[in-house]
J.: 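Questions regarding the structure given below will be posed in turn.
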Amino acid sequence: MNHRLKQARKALGYTQSDLAAMLGYRSKSGYAMIENGRNNPPLHIALKLSGILGSDVHTLFTDLYDIPERKGGLS
């Protein structure tokens with residue numbers, strides 16, 4: 001379960017149905033599966049969620065979108 005996602009949603013007073021509608025899902029089940037950890041969101045959905053919830057993608061989905069650090073800085 002994605003506790004950060006659930007906490008952010010509840011802090012703003014949204015239901016799963018609210019977020020599902022904002023994201024364009026026909027029912028809440030598509031969103032609920034993301035929040036419950038059964039499905040990983042595509043990047044465009046993760047970005048929409050970060051905007052709606054006012055939190056960056058990395059905070060909401062720490063384990064999904066980690067980018068390995070480069071050695072020696074940027075090229």
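This one's a predicted model, so the numbers in the text were calculated from it and none came from an experiment.
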J.: According to side chain to side chain donor-acceptor pair (under 3.5 Å), who are the partners of N36, at least two apart in sequence or on a separate chain?
T.: none

J.: Could you report the tightest heavy-atom contact between G13 and D18, atom names first, then the distance?
T.: O-OD2, 4.1 Å

J.: If we only count heavy atoms from C-beta on, is the L5 to L53 side-chain gap below 4.5 Å?
T.: yes

J.: As a quick check of understanding, evaluate side-chain contact (heavy atoms from CB on, under 4.5 Å) for N40 and F61, giving each step before the final call.
T.: CA-CA 9 Å; N40 293 332; F61 301 101; over 6 Å; no

J.: Passes side-chain contact (heavy atoms from CB on, under 4.5 Å), I52 versus L12? Steps please.
T.: CA-CA 10 Å; I52 293 167; L12 293 173; 5.6 Å; no

J.: With E35 as reference, evaluate R9, R4, K28 under the salt bridge (Lys or Arg N to Asp or Glu O under 4.0 Å) test and give the passing residue.
T.: R9

J.: So which atom in A20 and which in S27 form the shortest heavy-atom distance, rounded to 0.1 Å?
T.: CB-O, 3.5 Å

J.: For N2 and L60, indicate whether the former's side chain and the latter's backbone hold a donor-acceptor pair under 3.5 Å.
T.: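 Yes; at least one donor-acceptor contact below 3.5 Å.
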
J.: Could you state whether M33 and M22 fall into the same hydrophobic cluster, counting links through intermediate Ile, Leu, Val, Met, Phe, Trp or Tyr residues with side-chain heavy atoms under 4.5 angstrom apart?
T.: no

J.: Just verifying a value: how many Å separate L49 CG and D56 CG, rounded to the nearest 0.5 Å?
T.: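 It comes to 12.5 Å.
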
